[in-house]
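In what follows, a structure is listed as structure tokens, so that the remarks can point back to it.
As the structure is a computational prediction, the values presented were derived from the model and not from experiment. Read the numbers this way: they start at 1 and go in the same order the structure lists the ligands and their atoms.
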Amino acid sequence: MKPSAGQNYISLLAKAAGGAKLRVDQMAKLLLPPNAECERELFAAAYKLKRQICGDLVNLRGLIELSNICTRDCLYCGIRKSNSKVNRYTMGIDEVLEAAELAGKFGYGSIVIQSGERSDRSFTDFIETILREISRLSYAPGITLSCGEQSFETYCRWRDAGAKRYLLRIESSDPALFAAIHPAGTSYRARRMALHRLRRAGYQLGTGVMIGLPGQTVEQLAKDIKFFRDMDVDMIGMGPFLPQDDTPLGKQFPDTPGAPEERLKLSLRMIAVARLVLRDVNIASTTALQAIDPAQGREKGLLAGANVIMPNVGSTSHRRDYQLYNGKPALDENAGSVRQALIASLAAIGERPRLDGHGDPLHFFRRNGKLK
Ligand code: 5AD
């Protein structure tokens, strides 16, 4: 008798879980389980691998949304340069240090500084100053930057000032889809080159994509995972596309009933397949998951194989001005209540926060020959 679609799926899943190197068509197949039972098995296999690699620990990163001033005009992003409705801000150094100290008090161990993209000298100098000041804090946090495309010299300067990780999403590894969601001046090739510069500068490197973009296929998403594997990245941050009302893409493709939930499910399956393929990398359960499912989104991400959460540690005063998409959660909740709720919800799924060290991705040490 011919094996059923479900049986085929489960045997492919077992291969993936055992560490076989998958082809793109096999990754695409895993992204589309034929029934609910197979989907549960996918999440279970990815979560089992997460537990083998990271135990029951989740790495928390205190997120600081430094500035919403941006020189780019990405068609999906709420803080794009042409969005005149945004009230633009840049945190002062004292405000940044206060947030970084709070992250230390909370035991987060690492912080992420994210910002709109600028490469003028006063901005790159400001980042350098911030990095030097934060590095001096008594808990010596691991620092991740997410400040867009910069020159090799700037990446090196920031690294020397204390940054050790960098997140720069490719957004889509498909050049045509990338072009469709960006304005003419934003080039796929330049983005790739920036990723290579970051690698050369010695960072722990993270990238990622948006999931459920208009016109995006499962085949393209499978190629995104192959792109992550080929780039040998250490960290992944990806989440569902969320239309933002004041953007060209948000206006052109407003949500229909049920669509966000589908994108959430697809995003969870991407996390699971990425875990199975990439094994020992850090994978974030992103805020965009929580935007679709405020009660359970991030927890579902962990149960699908993610191992990092980035709670906001900035004051609530800027939260509304940093809305990349509709439905950003916790707009009015201060960092303390966010933390309380997070720790309780981790406990509810049998996970706990790592309260020591920087929570570096094991992959970084493995690819540098420091781990077997
Ligand atoms: N929906 C989902 N993610 C978005 N981002 C920006 N705008 C949106 C949106 N509308 C993501 C991009 C970017 C990251 C900082 O936020 O992937 O790299």
Side-chain angles (χ1 to χ4, degrees), residues 61 63-83 85-86 112-118 144-150 165-174 177-178 180-183 186 188 190-192 194-195 198 205-216 220-221 224 227-228 233 235-255 259-260 262-264 266-268 270-271 274 283-293 297-298 301 308 310 312 314 319 321-329:
R61 321 285 191 215
L63 175 65
I64 300 175
E65 294 165 334
L66 178 76
S67 170
N68 64 2
I69 299 178
C70 193
T71 54
R72 298 246 175 206
D73 226 3
C74 305
L75 304 183
Y76 46 85
C77 184
I79 64 167
R80 65 199 299 268
K81 159 177 86 175
S82 312
N83 185 0
K85 289 197 191 161
V86 175
V112 178
I113 297 176
Q114 194 182 81
S115 164
E117 186 171 315
R118 279 175 60 185
T144 308
L145 287 178
S146 182
C147 302
E149 291 175 26
Q150 304 289 344
R165 309 186 180 115
Y166 206 103
L167 298 169
L168 180 64
R169 289 190 181 180
I170 188 78
E171 311 297 357
S172 168
S173 68
D174 185 291
L177 184 55
F178 184 98
I181 60 171
H182 291 106
T186 298
Y188 178 76
R191 182 63 52 90
R192 278 186 78 130
L195 285 168
L198 285 163
L205 183 58
T207 192
V209 295
M210 282 178 290
I211 298 158
L213 286 162
Q216 190 180 41
Q220 285 170 329
L221 289 169
D224 289 338
F227 176 86
F228 305 153
V233 294
M235 315 178 293
I236 302 292
M238 59 187 174
F241 163 65
L242 297 156
Q244 209 282 1
D245 293 340
D246 304 316
T247 62
L249 220 58
K251 286 197 181 98
Q252 202 185 338
F253 301 97
D255 257 330
E262 285 307 311
R263 285 200 305 271
L264 173 64
L266 185 56
S267 301
L268 296 171
M270 273 292 278
I271 289 176
I283 302 182
S285 187
T286 54
T287 313
L289 299 169
Q290 203 190 355
I292 296 181
D293 182 348
R298 283 190 308 191
V308 172
M310 310 197 303
N312 208 314
R319 221 57 80 75
D321 297 324
Y322 203 93
Q323 292 196 63
L324 309 180
Y325 42 73
N326 296 347
K328 178 180 179 178

Original post:
Between Thr144 and Tyr166, is there a donor-acceptor pair closer than 3.5 Å when you use the side chain of the first and the backbone of the second?
Top reply: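 No, the answer is negative, given that no donor and acceptor are paired below the 3.5 Å cut-off.
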Original post:
Counting only N and O atoms by type, is there a donor-acceptor contact under 3.5 Å from the side chain of Arg80 to the main-chain atoms of Asp73?
Top reply: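 Present.
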Original post:
To the nearest 0.5 Å, how far apart are CG in Leu167 and CE in Met310?
Top reply: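 Output value for this atom pair is 6.0 Å.
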Original post:
Got the residues with a heavy atom under 4.0 Å of ligand 1, by chain and number?
Top reply: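 Lining ligand 1 at under 4.0 Å, by heavy atoms, one finds Tyr76, Cys77, Gln114, Arg169, Glu171, Met210, Pro240, Phe241, Leu242, Leu324, Tyr325.
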Subject >> Partner residues of Ser285 under the side-chain contact (heavy atoms from CB on, under 4.5 Å) criterion, sequence neighbours left out >> reply: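 With neighbours one apart ignored, the set is Leu289, Arg298, Leu302, Ala306, Ile309.
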Subject >> Residue that, paired with Leu221, satisfies side chain to side chain contact (heavy atoms under 4.5 Å, CB included) out of Asp174, Leu266, Leu213 >> reply: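 Of the listed options, the one satisfying the test is Leu266.
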Subject >> Contact check, side chains of Tyr325 and Met210, non-hydrogen atoms, under 4.5 Å >> reply: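 Sidechains of Met210 and Tyr325: no contact.
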